[in-house]
K.L.:
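Structure incoming, see below.
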Number of protein chains: 2
Amino acid sequence: MRIGELSRRSGVSSRALRYYEEQRLLRPVRRPSGYREFSEDDLDSVRRIRLLLAAGLGTAMIAEILPCMVEGNEGLAAGCPELLDALGGEHDRIAASIAELESARTLLARIIATPVPTPG
Amino acid sequence: MRIGELSRRSGVSSRALRYYEEQRLLRPVRRPSGYREFSEDDLDSVRRIRLLLAAGLGTAMIAEILPCMVEGNEGLAAGCPELLDALGGEHDRIAASIAELESARTLLARIIATPVPTPG
DNA sequence: ATCGACTCTCGCGTCGATGTGAAGCTACAG
DNA sequence: CTGTAGCTTCACATCGACGCGAGAGTCGAT
């Protein structure tokens with residue numbers, strides 16, 4: 001499919017998709033015209049990319065992670081014992097982040113639920 | 001206390017603290033010298049500010065929320081029925097964000113836990 | 001052949017919470 | 001009095017994931 005369709009189906013802007021290619025997160029093939037041709041798998045990739053981006057990972061890190069999810073996972077510990085460390089770090093950071101968010105959510109919930117002072 | 005002490009005790013840079021004042025999140029009094037004088041309560045405020053910032057709220061929103069936490073909560077629904085909406089929105093956004101982060105964490109955990117293929 | 005919708009590359013603009021000096025004033029120790 | 005550590009304002013720099021517009025080529029249907 002071309003970039004417009006992927007954009008519609010993923011809900012991600014074309015600009016962003018081109019950016020992901022630039023960052024080597026996606027590797028669409030090119031038609032003779034120069035048009036990008038994306039596969040169905042790329043749709044899954046895009047979803048994972050968004051998920052990890054939302055989790056605060058950078059494109060560079062994501063670029064290293066993505067390959068570990070397509071064809072078996074041999075590429076992971078095989079090529080990168082240090083990547084495993086980084087991954088663990090990210091995992092912990094995310095966990096901490098979740099805890100923080102829960103505090104914030106609780107805080108807001110408390111404010112919202114605070115009863116309006118009844119006059120009298 | 002002066003800005004340096006607040007910085008040390010809160011773990012937040014002086015630059016950031018000045019920025020918070022500029023955004024009306026903090027309202028330190030001024031000494032004749034021009035030096036800022038912060039109260040003990042400001043330390044709590046700073047912690048809440050960081051929490052809400054980490055939760056993705058902007059300084060403008062935080063500026064509206066903070067007053068609701070110091071002197072009773074009468075200022076909340078009293079002055080701002082619409083603030084309540086915004087607050088609810090943020091709350092939901094945070095909840096959604098937590099869900100996303102948990103997906104991401106699970107994803108990473110799965111990758112990390114993936115057994116290295118035993119040769120043979 | 002042509003028209004509208006789509007796509008291409010290139011490159012500057014954006015946003016928000018800071019970092020980073022620069023130049024000068026203040027506070028306190030010796 | 002002097003040193004030095006801390007404080008002041010001002011203003012430009014940063015970073016990452018995009019937005020946006022220009023100018024030009026492409027696709028598919030009529």
Side-chain angles (χ1 to χ4, degrees), chain A residues 1-39 42 45-66 86 90 93-94 97 100-101 104, chain B residues 1-39 42 45-66 86 90 93-94 97 100-101 104:
Chain A
M1 77 191 84
R2 293 182 305 181
I3 200 169
E5 185 181 347
L6 180 56
S7 173
R8 262 172 270 121
R9 291 174 61 184
S10 64
V12 173
S13 73
S14 300
R15 176 64 177 88
L17 295 176
R18 295 195 186 97
Y19 175 70
Y20 298 157
E21 183 196 23
E22 187 186 327
Q23 301 301 308
R24 325 251 67 176
L25 302 184
L26 296 175
R27 300 182 179 269
V29 295
R30 294 301 184 115
R31 295 182 178 178
S33 60
Y35 282 22
R36 294 169 180 82
E37 180 68 26
F38 293 93
S39 69
D42 286 330
S45 289
V46 171
R47 294 198 179 112
R48 279 191 274 265
I49 289 170
R50 299 295 284 196
L51 184 62
L52 294 174
L53 277 178
L57 303 210
T59 52
M61 175 71 50
I62 298 177
E64 302 192 80
I65 296 178
L66 280 185
E90 296 292 352
R93 197 185 47 66
I94 292 174
S97 189
E100 258 189 331
L101 285 190
Chain B
M1 79 192 82
R2 292 181 305 181
I3 201 171
E5 185 180 347
L6 181 57
S7 173
R8 263 170 270 121
R9 290 174 60 185
S10 65
V12 174
S13 74
S14 301
R15 177 66 177 87
L17 294 175
R18 293 196 188 96
Y19 176 69
Y20 298 158
E21 183 195 23
E22 186 185 326
Q23 301 301 308
R24 325 249 71 174
L25 303 184
L26 296 175
R27 299 183 181 268
V29 295
R30 293 303 183 114
R31 294 183 180 178
S33 60
Y35 283 22
R36 294 168 179 83
E37 179 68 27
F38 294 93
S39 69
D42 286 331
S45 289
V46 171
R47 295 198 180 110
R48 279 190 274 263
I49 291 170
R50 298 296 283 198
L51 185 61
L52 294 174
L53 277 179
L57 302 211
T59 54
M61 176 69 50
I62 298 177
E64 302 193 78
I65 296 178
L66 279 186
E90 296 291 353
R93 198 185 45 69
I94 292 174
S97 189
E100 259 189 330
L101 285 190

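In the text below, chain A, chain B and the rest are named by the order of the sequence lines, each starting its count at 1.
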K.L.:
Need to verify one output field. Residue with the more 5' nearest nucleotide on DNA chain D, B/Arg36 or A/Leu53?
P.N.:
B/Arg36

K.L.:
Is A/Ser10 reaching over with its side chain to a backbone N or O of A/Leu6, donor-acceptor style, under 3.5 angstrom?
P.N.:
yes

K.L.:
Starting the side chain at C-beta, find the nucleotide from D/dG6, D/dG25, D/dT9 nearest to A/Tyr35.
P.N.:
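Looking only at heavy atoms from C-beta outward on A/Tyr35, the closest nucleotide is D/dG25.
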
K.L.:
Could you list where the contact with chain B starts and ends along DNA chain C, reading 5' to 3', using a 4.0 Å heavy-atom cut-off?
P.N.:
C/dA17 to C/dA27

K.L.:
Please report the distance, rounded to the nearest Å, between CD1 in B/Ile3 and C1' in D/dT8.
P.N.:
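That distance rounds to 10 Å.
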
K.L.:
Please report the closest heavy-atom contact between A/Ile94 and B/Ala104, naming both atoms and the distance.
P.N.:
CD1-CB, 4.3 Å

K.L.:
A/Tyr19 and A/Thr59: side chain to side chain contact (heavy atoms under 4.5 Å, CB included), yes or no, with the steps?
P.N.:
CA-CA 10 Å; A/Tyr19 175 70; A/Thr59 52; 4.0 Å; yes

K.L.:
Please tell me if A/Thr59 has a side-chain N or O lying less than 4.0 Å from either OP1 or OP2 of D/dA17.
P.N.:
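Result: yes.
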
K.L.:
Looking at every non-hydrogen atom in both residues, tell me the closest pair between A/Ser39 and A/Met1 and how far apart they are.
P.N.:
O-CE, 3.6 Å

K.L.:
One pair to check against side chain to side chain contact (heavy atoms under 4.5 Å, CB included): A/Leu57 and A/Arg93. What are the steps and the verdict?
P.N.:
CA-CA 10 Å; A/Leu57 303 210; A/Arg93 197 185 47 66; 3.2 Å; yes

K.L.:
Any side-chain heavy atom of A/Tyr20 within less than 4.5 Å of one from A/Val12?
P.N.:
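A side-chain contact under 4.5 Å exists here.
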
K.L.:
From B/Arg48 CZ over to B/Ile65 CD1, what is the distance, rounded to the nearest 0.5 angstrom?
P.N.:
11.5 Å

K.L.:
Can a side chain N or O of A/Ser33 be found less than 4.0 Å away from OP1 or OP2 on D/dC27?
P.N.:
yes

K.L.:
Go through the structure and list residues passing salt bridge (Lys or Arg N to Asp or Glu O under 4.0 Å) with A/Arg9, not counting sequence neighbours.
P.N.:
A/Glu5, A/Glu40

K.L.:
Check nucleotides 28-30 of chain D against the protein and report each pair of N or O atoms closer than 3.5 Å, with its distance, or say if there are none.
P.N.:
none

K.L.:
Taking any heavy-atom pair under 4.0 Å as a contact, classify B/Arg8: base, sugar-phosphate, or nothing.
P.N.:
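Touches nothing.
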
K.L.:
For the pair A/Arg2 and A/Arg31, evaluate side chain to side chain contact (heavy atoms under 4.5 Å, CB included) and give the outcome as yes or no after the intermediate values.
P.N.:
CA-CA 10 Å; A/Arg2 293 182 305 181; A/Arg31 295 182 178 178; 3.4 Å; yes

K.L.:
For B/Glu21, enumerate each residue passing the side-chain hydrogen bond (donor to acceptor under 3.5 Å, both in side chains) test, keeping only those at least two apart in sequence or located in another chain.
P.N.:
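Once residues adjacent in sequence are excluded, the partners of B/Glu21 under the side-chain hydrogen bond (donor to acceptor under 3.5 Å, both in side chains) criterion are B/Arg30, B/Arg36.
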
K.L.:
Quick one: is D/dG19 close enough that its OP1 or OP2 comes under 4.0 Å of any side-chain N or O from A/Ser13?
P.N.:
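It does, given that an N or O in the side chain of A/Ser13 lies less than 4.0 Å from OP1 or OP2 of D/dG19.
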
K.L.:
What distance do B/Leu53 atom CG and B/Arg50 atom CZ have between them, rounded to the nearest 0.5 Å?
P.N.:
6.5 Å

K.L.:
Between the protein and nucleotides 21-23 of chain D, which nitrogen or oxygen pairs come in under 3.5 angstrom?
P.N.:
none

K.L.:
Quick check on side-chain contact (heavy atoms from CB on, under 4.5 Å): which of A/Asp42, A/Ile49, A/Leu26, A/Leu25 does A/Leu17 satisfy it with?
P.N.:
A/Leu26

K.L.:
Please report the closest heavy-atom contact between A/Ser97 and B/Leu101, naming both atoms and the distance.
P.N.:
OG-CD1, 3.6 Å

K.L.:
Under a 4.0 Å heavy-atom cut-off, which of residues 17-27 of chain B touch DNA chain D?
P.N.:
B/Arg18

